[in-house]
Amino acid sequence: MKKVARTWKINNQEKSAEFPPARRLLDVLREDLNLKGTKEGCGEGECDACTVLVNGQPVISCLIAAGQVPDGAEMMTVEGLEQTENERILQDAYIQKGAAQCGFCIPGMIVSSYAFLSTNQNPDERAIREAHAGNLCRCTGYAKIVEAIQCAAEKWSAAEV
Ligand code: FES
Ligand code: FES
């Protein structure tokens, strides 16, 4: 099968891969580039466990063909966010508020929270719920997730990025 080549900046590092254009971005990230922090839940666009940032926007990586992501695109996966102070703030807030249990949804949840708080540091509950509406968590009550994000928001603006 015909392959396409792409070079992307992922987590501030250039990475190249060749793949059939219809291969899912999730599979290229996890299997070809060994970035296994991004999780597969449903594989059908219904849980957001596989969320990554493409040019700063959250993208459901199981729904997008890797060939649709242009050469030179900038991506952030949860591994890249882990190098930032704001991700640590989010992670601490999730733990402190009891918003993480089995942890399966957490990589996608953290990526969504990071994208959301990057543009809104003073969110109300409704905005938080809307921004995370696609992120399914089977363990934790969403009230705790909302509390965690509000807690992170209070520290966010003072943090280094
Ligand atoms: S694995 Fe992508 S949305 Fe569920
Ligand atoms: S903490 Fe288990 S699915 Fe969210």
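This structure is a prediction, so every number in the text was calculated from the model and none was measured.
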What I want to find out is whether [X] reaches [Y] closely enough, with some N-O distance under 4.0 Å, to be called a salt bridge.
{"X": "Arg88", "Y": "Glu85", "value": "yes"}
{"X": "Glu18", "Y": "Arg23", "value": "no"}
{"X": "Asp92", "Y": "Lys155", "value": "no"}

key: Approximate separation, where rounding is to 0.5 Å, of Thr51 OG1 and Lys39 NZ   =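 Thr51 OG1 to Lys39 NZ: 13.5 Å, rounded to 0.5 Å.
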query = CD1 of Ile60 to SG of Cys47: how many Å apart, nearest 0.5 Å?
reply = 8.0 Å
remark   = Hits for ring-ring contact (aromatic ring centres under 6.0 Å, His included) against Phe104, two or more places apart or cross-chain, chain-then-number order -> none
What are the two closest heavy atoms between [X] and [Y], and how far apart are they?
{"X": "Cys137", "Y": "Ile145", "result": "CB-CD1, 4.1 Å"}
{"X": "Gly45", "Y": "Cys62", "result": "N-SG, 3.4 Å"}
{"X": "Ile128", "Y": "Gln150", "result": "CD1-CG, 3.5 Å"}

Candidate pair Asn11 and Thr77, rule side-chain hydrogen bond (donor to acceptor under 3.5 Å, both in side chains), full reasoning = CA-CA 7 Å; Asn11 304 333; Thr77 66; 2.9 Å; yes
task = Test Glu87 against Gln91 for side-chain hydrogen bond (donor to acceptor under 3.5 Å, both in side chains), laying out the working first.
result = CA-CA 6 Å; Glu87 195 275 348; Gln91 209 174 72; 3.2 Å; yes
ask   = Does Ile64 offer a backbone N or O that forms a donor-acceptor pair with the side chain of Gln68 under 3.5 Å?
value = no
query = Given side chains that start at C-beta, do those of Arg30 and Leu35 come closer than 4.5 Å, heavy atoms only?
reply =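 Arg30 does not reach Leu35 side chain to side chain.
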Ile10 and Glu79, any side-chain heavy atoms less than 4.5 Å apart =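 Result no, sub-4.5 Å side-chain heavy-atom pair not found.
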query = Does the side-chain hydrogen bond (donor to acceptor under 3.5 Å, both in side chains) test come out yes or no for Tyr94 and Ser113, once each step is laid out?
reply = CA-CA 11 Å; Tyr94 269 77; Ser113 300; 2.9 Å; yes
